[in-house]
A.B. asks: 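Would you mind keeping the following structure in view while I ask a few things?
Ligands are counted one by one from 1 in listed order, and the atoms in each one are counted from 1 as well.
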Amino acid sequence: MTDLYQLIGAEISLYTGKVRAYLRYKDIPFEEVRATQKVYLETILPRTGVAMIPVLISPDDIAVQDTSDIIDFLEVRFAEPTIYPDTPRQGTVARLFELYGDEWLLIPAMHYRWAFNEQEMFLEFGRGSQPDASEEEQIKLGEERSRPFRGAQPILGITPATIPAIEASYEQFLRDLDAHFAVHPYLLGTRPCIGDFGLMGPLYAHLYRDTESGKIMKRIAPHVAKWVERMNAPEPKSGSFLANDEVPETLYPVLSRIFEEQFPPLREMVSALGDWINSNPGEKIPRAIGKQAFTLKNADGTPVTGERGMFPFSQWMLQRVLDFYQPLSADERQSVDTLLDQVGGLEAMQVDLKRRVNREKNVLVAEG
Ligand SMILES: N[C@@H](CCC(=O)N[C@@H](CS)C(=O)NCC(=O)O)C(=O)O
């Protein structure tokens, strides 16, 4: 038995980028295994029951899917230095950034991936799937394998009508984050937190690594590009979170964006999911439970409303934030609430979950 962890994933995979950076920061011995067709059939599907990457296989042969579960599994085994700040403000903010990176930046990440050179992406997909095939075969295979991802754009809300606002919102997000990384190496100081890893998925695998969106990032937000490079080649286990539970003001514009863009549809979905679970007792929760409106702003500030699917999985990610925030003591809560108020998030965070969800064998289930 090897004492290496195996990270089954792909260079072009958004969520693999999150775990890879984590493993490097924690100095955990690992090897990366390419998720080829063969690996899907022989390992991923039989071990996890789902066709999702990344998957972590531990030296004692435990298979874990879902990046948040993988990180939490490893945090128990490699506790120090933790990437979860335990002070009230930083703890809340770190988890909010994970939720945003995982569940909302997926929109620009998916838009830009398919907006430029499809042939280049087909080749990447094909190469990952069948490394030994000819280039021509790989392009053909890549076209086929990437179809579900390309085809997911409308359900994510990416349409000709919303694209200008998606781009405007992402570009402003980049400028805001750039101002932060011009001053701080990571979100909350000199140590990366769970929020940095959440951002890393979309910002590395798609938005830095894909040729054209990489150019955009380097042009608009060179400090963000440097942060991506730092996340991929960190000084393992180094650094600390800022003293006195400080959340730098340079993060406020991004926090405001999270509450303005992501939270209204998220809260609506959570409420709809509670009703859905109550009216469909014992039924498997589908990946989407219907459609909803969401709003982003164009560069000139005019709002653009699009339609997207309501994804119950996002509630599980939101619970990670609420499970930290809600049990805080009155004093701690007051400190976080003062910050939330400044970024337009105080009301948004008062979420009353009608029904909680959990993951069992990589399937989302209703609790209770
Ligand atoms: N929440 C999951 C998301 C994983 C995910 O969506 N991975 C993509 C590749 S980057 C995938 O395998 N998608 C297949 C699918 O959605 O069916 C995680 O954090 O691991």
A.B. asks: Report the C-alpha distance between Phe125 and Phe149 in whole Å, list the side-chain angles of each, state the deciding distance to 0.1 Å, and finish with yes or no for ring pair (Phe, Tyr, Trp, His ring centres under 6.0 Å).
C.D. replies: CA-CA 11 Å; Phe125 268 79; Phe149 295 96; 5.7 Å; yes
A.B. asks: Should you measure from each heavy atom of Ala51, which atoms of ligand 1 turn up under 4.0 Å away?
C.D. replies: 12 (O), 14 (C)
A.B. asks: Just heavy atoms, cut-off under 4.0 Å: does Pro148 contact ligand 1 by side chain, backbone, both, or neither?
C.D. replies: neither
A.B. asks: Before signing off on this row, confirm whether Ile53 and ligand 1 have an N or O atom pair separated by under 3.5 Å.
C.D. replies: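 In this structure, Ile53 places an N or O atom under 3.5 Å from an N or O of ligand 1.
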A.B. asks: I'd like to check the ring pair (Phe, Tyr, Trp, His ring centres under 6.0 Å) partners of Tyr252; sequence neighbours left out, ordered by chain and number.
C.D. replies: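 Not a single residue meets the ring pair (Phe, Tyr, Trp, His ring centres under 6.0 Å) criterion with Tyr252.
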A.B. asks: Enumerate the atoms of ligand 1 whose separation from the nearest heavy atom of Phe313 is less than 4.0 angstrom.
C.D. replies: 1 (N)
A.B. asks: Report, in ascending order of atom number, the atoms of ligand 1 lying under 4.0 Å from any heavy atom of Ser13.
C.D. replies: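 Matching atoms, with element in brackets: 10 (S).
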A.B. asks: With only distance considered, is Thr67 within less than 3.5 Å of ligand 1 through an N or O on each side?
C.D. replies: yes
A.B. asks: Heavy-atom contacts under 4.0 Å between Met317 and ligand 1: side chain, backbone, both, or neither?
C.D. replies: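 No part of Met317 comes within reach of ligand 1.
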A.B. asks: Given the ring of Tyr170, does Arg257 sit roughly above its face, with NZ or CZ under 6.0 Å from the centre of the six-membered ring and within 45° of the axis?
C.D. replies: no
A.B. asks: When you measure from atom 5 (C) of ligand 1 to every protein heavy atom, which one gives the shortest distance, and what is it?
C.D. replies: Tyr15 CD1, 3.3 Å
A.B. asks: Go through ligand 1 atom by atom and flag the ones less than 4.0 Å from a non-hydrogen atom of Leu14.
C.D. replies: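 Near Leu14, the atoms of ligand 1 are 10 (S).
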A.B. asks: To which protein heavy atom is atom 13 (N) of ligand 1 closest, and what is the distance rounded to 0.1 Å?
C.D. replies: Phe149 CE2, 3.7 Å
A.B. asks: May I ask you to list the atoms of ligand 1 that are less than 4.0 angstrom from any heavy atom of Arg287?
C.D. replies: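 Atoms satisfying the 4.0 Å criterion: 15 (C), 16 (O), 17 (O).
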A.B. asks: Is it the side chain, the backbone, both or neither of Lys18 that has a heavy atom closer than 4.0 Å to ligand 1?
C.D. replies: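 Near ligand 1, Lys18 shows nothing, with every heavy atom at 4.0 Å or more.
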A.B. asks: In this structure, is the centre-to-centre distance between the rings of Phe78 and Tyr5 below 6.0 Å?
C.D. replies: yes
A.B. asks: Name the closest protein heavy atom to atom 11 (C) of ligand 1, giving the residue it belongs to and the distance to 0.1 Å.
C.D. replies: Met52 SD, 3.9 Å
A.B. asks: Ring pair (Phe, Tyr, Trp, His ring centres under 6.0 Å) for Phe173 and Tyr100? Distances and angles first, verdict last.
C.D. replies: CA-CA 12 Å; Phe173 158 78; Tyr100 186 67; 5.7 Å; yes
A.B. asks: Would Lys215 and Phe116 count as a cation-pi pair here, with the cationic atom under 6.0 angstrom from the ring centre and within 45° of the axis?
C.D. replies: no
A.B. asks: Any nitrogen or oxygen of Asp66 lying under 3.5 Å from a nitrogen or oxygen in ligand 1? Just yes or no.
C.D. replies: yes
A.B. asks: Test: side chain to side chain donor-acceptor pair (under 3.5 Å). Region: residues 105-117. Which pairs qualify, not counting sequence neighbours?
C.D. replies: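 Only His111-Glu167, Arg113-His206, Arg113-Asp210 qualify under side chain to side chain donor-acceptor pair (under 3.5 Å).
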A.B. asks: Considering only heavy atoms from C-beta outward, does the side chain of Val93 approach that of Phe97 to under 4.5 Å?
C.D. replies: yes
A.B. asks: Is Asp323 salt-bridged to Arg95, cutoff N-O under 4.0 Å?
C.D. replies: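 Here Asp323 does not pair with Arg95 in a salt bridge, since their nearest N and O are not under 4.0 Å apart.
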